[in-house]
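The block underneath contains the structure these notes are about, expressed in structure tokens.
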Amino acid sequence: MLDFFFAWIVLIVLLASTVFVIVFMAMLPGMIARKREHPWAQAVAVGGWVTLFLGFMLWPLVLIWAYVDFPRTEGREGAR
């Protein structure tokens, strides 16, 4: 009987940790892009969540996109 409860506890811990890892991986590109002040940080974050539904097939591309540096243009706010 004790083995039965132990097996359920192990199963619950494994399922919870799997869900945590999947959610963390979906959030990771967006967190990196925001930290690096990426100009399209919101798009990178959405891309990370979209890959969650695609089975993480495009996740490496979104992660690379989060690390891509774009040259900053000076005085862009005032330009017309």
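Atoms considered below: every heavy atom in the structure, side chains included; atoms not considered: hydrogens, waters and symmetry mates.
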Answer yes or no: are there more than 12 heavy-atom neighbours, outside Tyr67 itself, under 6.0 Å from its atom OH? no
Determine whether [X] and [Y] fall in the same hydrophobic cluster, where Ile, Leu, Val, Met, Phe, Trp and Tyr are linked whenever their side-chain heavy atoms lie under 4.5 Å apart.
{"X": "Leu61", "Y": "Val44", "value": "no"}
{"X": "Met27", "Y": "Trp65", "value": "no"}
{"X": "Leu52", "Y": "Val23", "value": "yes"}

Applying salt bridge (Lys or Arg N to Asp or Glu O under 4.0 Å), which residue pairs with at least one partner in residues 61-71 are found, sequence neighbours left out? Arg36-Asp69
Say you draw a straight line from CG of Leu54 to CZ of Phe56; how long is it, rounded to the nearest 0.5 Å? 10.0 Å
Taking the side chain as every heavy atom from C-beta outward, state whether Thr51 and Met57 have any pair of such atoms under 4.5 Å apart. no
Trp40 side chain near Val68 side chain, heavy-atom distance below 4.5 Å: no
For residues 28-35, please give each side-chain donor-acceptor pair under 3.5 Å, one per line with the distance, not counting sequence neighbours.
{"from": "Arg34", "atom 1": "NH1", "to": "Gly30", "atom 2": "O", "distance (Å)": "3.3"}

Check: residues 6-22 side-chain donor-acceptor pairs under 3.5 Å, at least two apart:
{"from": "Ser17", "atom 1": "OG", "to": "Val13", "atom 2": "O", "distance (Å)": "3.1"}
{"from": "Ser17", "atom 1": "OG", "to": "Leu14", "atom 2": "O", "distance (Å)": "3.0"}
{"from": "Thr18", "atom 1": "OG1", "to": "Leu14", "atom 2": "O", "distance (Å)": "2.7"}

Treating Trp59 as the side-chain partner and Met25 as the backbone partner, does any N or O pair qualify as donor plus acceptor under 3.5 Å? yes
